[in-house]
Amino acid sequence: MVAALESWVEKGRIVALRETRKMTLEDWGRIFASLEPGPTLDYMGQLIGDVVKGFRANPSNVPGSACRRAVESRKKLLAIYRERLEMRKKHTEDSERTYDLMDGLMSVQDEEGNKLSDEEIVDNTSALVIAGYESASLSAMWVMYCLAKAPDVVQRLRAENIALREKKKGEFITSEDVSSLKYTNMVVEETLRMANTSGTVFRIATRDVEYKGYKFPQGWRVIPWLRYSHTNPEYFEDPLRFNPDRWNVPAKPGTYQAFGGGPRICPGNMFAKMIAAIFIHHLTVGYK
Ligand code: HEM
C-alpha cells in the first residue's frame, strides 16, 4: 500500500481505479497466497476480472459470453492455486511456512482433527480473493474520490492520523490503533454508504410477503436494492452529502447494509473496513 502511494507520486497523474486494483491485488496476493508482484499475479488479476464480470451475467454457455469466460477463467485460477498448494505440501519444515491465508486453511482442523480437503483449500482461497478484491479496490477508489471533494474532512483525518503516527514513534500500527481512529472509521462508513460498491443482495422469499401493497409469493427471487436505502432521506438526512459526522449517531437498524445482512452478511466486512482505514491512514499522513 505504501509502495503504491509512493509510485503514484512518481507517476504524477493516475487513473485511480486502475491503480487501486493493482495495489489491492498485490497486497492480497501476499496476504492470501504469498504471491509476489509479477506476470503470474498480473495474469491472475485478469482472470479475477473475468470472473467478477460473470457474477451478474446471463447464465449462458455460448462461446465469448461473459458467463462462459468467467467459468473458464475460474478453472484457470483454481489450477494456479492448486499448483501452489502442491508446492507447499513439499515444504514441511516450519522455516518454510508462509503464514498466509492458504497456510491457515491448510492447518485448520475441527474437534475430531479433520482437515480441509485440497479442493476446499483451493476453492476457499480463490473465493475469498474474488469476493474481496473488486469491492476493496472500488472502496479505495471511492475514498480518494470523496476526500478529493472534501478538504475539510482531509484536514481532520490528517490531524487524527498524524497524532497516532507521532504516538507510535515509528512502530507499526496495530488493529487496536486502527479501531481507535474514531473519525477515520466514520469516514470509512460514510464512504461505503455513498459508494454502494455492492448495490444489491440476492434473496428468496421464504414465505408470502406483502410490502407497500405489493405481494411477493413464497419462492420468488428478490433483489433488495441497497442503494435505495442508503440514499433514502427518511433514513439518512441530506443523503447525497458526504458527511462522516452523521456516524456520531448509529444508523437506524436495517437501513445501512453495505455488507448485506443476516446469516449471509459479508464475512470480510471487518477486514474490508480495516483495510480501508489503513489506506486512509497512509494517504492522509503522507499526502495533502
Ligand atoms: C468494501 C468491501 C466489501 C463490500 C462492500 C462487500 C459486500 C458484500 C455483500 C453486500 C455481500 C452479500 C451479503 C448478503 O447477501 O447479505 C458480500 C458477501 C460476501 N463477501 Fe463481501 N464485501 C466486501 C469485502 C469483502 C472481503 C474483503 C471479503 C473476503 C476477504 C469478502 C468476502 C465475501 C464472501 C465470501 C461473501 C459471501 C458470503 C455468503 O454468501 O455467505 N467481502 N459482500
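One-based numbering along the sequence shown. We count ligands from 1, going down the list as the structure has it; atoms in each ligand are counted the same way.
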J.: Which residue owns the protein heavy atom closest to atom 41 (O) of ligand 1, what's the atom, and how far is it?
T.: R264 NE, 2.7 Å
J.: Would you call E190 and R246 a salt bridge, using N to O less than 4.0 angstrom?
T.: yes
J.: Is E19 paired with K22 through a side-chain N to carboxylate O contact shorter than 4.0 Å?
T.: no
J.: Using the side chain to side chain donor-acceptor pair (under 3.5 Å) rule, collect all pairs that involve residues 220-231, keeping only residues at least two apart or in two chains.
T.: N196-H230
J.: Using the salt bridge (charged side-chain N to carboxylate O under 4.0 Å, His left out) criterion, which residues pair with D100? Sequence neighbours excluded.
T.: R88
J.: Fit a plane to each ring of Y145 and W142, take the angle between them on a 0 to 90° scale, and name the class: parallel (under 30°), tilted (30 to 60°) or perpendicular (over 60°).
T.: perpendicular
J.: With respect to R203, determine whether any N or O atom, backbone or side chain, lies less than 3.5 Å from an N or O atom of ligand 1.
T.: yes
J.: Any carboxylate oxygen within less than 4.0 angstrom of a Lys/Arg side-chain nitrogen, looking at D50 and K76?
T.: no
J.: Is the closest heavy atom of G262 to ligand 1 under 4.0 Å?
T.: no
J.: Considering only residues two or more places apart or on different chains, which pairs with a residue in residues 169-179 satisfy side chain to side chain donor-acceptor pair (under 3.5 Å)?
T.: K168-D177, T174-E176, T174-D177
J.: Under the criterion side chain to side chain donor-acceptor pair (under 3.5 Å), which of N161, D245, T284 is the partner of R156?
T.: D245
J.: Is W28 touching ligand 1 with its side chain, its backbone, both, or neither, if touching means heavy atoms under 4.0 Å apart?
T.: side chain
J.: In terms of atom number and element, which parts of ligand 1 are under 4.0 angstrom from non-hydrogen atoms of S139?
T.: 1 (C), 2 (C)
J.: Restricting to under 2.8 Å, identify the protein N, O or S atoms around atom 21 (Fe) of ligand 1 as residue plus atom.
T.: C266 SG
J.: Please identify which atoms of ligand 1 are closer than 4.0 Å to at least one heavy atom of L192.
T.: 1 (C)
J.: Would W247 and Y183 count as a close aromatic pair, with their ring centres under 6.0 Å?
T.: no
J.: Numbering the atoms of ligand 1 from 1, which are under 4.0 Å from a heavy atom of G261?
T.: 16 (O)
J.: Closer than 4.0 Å to some heavy atom of T197 - which atoms of ligand 1 meet that?
T.: 5 (C)
J.: List every atom of ligand 1 that sits less than 4.0 Å from any heavy atom of V201, numbering the atoms from 1 in the order shown and giving each element.
T.: 10 (C), 12 (C), 13 (C), 14 (C), 15 (O), 16 (O)
J.: Can you tell me which portion of A258 lies within the under-4.0 Å heavy-atom range of ligand 1? Options are side chain, backbone, both, or neither.
T.: backbone
J.: Taking only Lys NZ, Arg NE, NH1 and NH2, and the carboxylate oxygens of Asp or Glu, determine whether E120 and K115 approach each other closer than 4.0 Å.
T.: no
J.: Hey, is E189 close enough to R193 for a salt bridge, meaning N to O under 4.0 Å?
T.: no
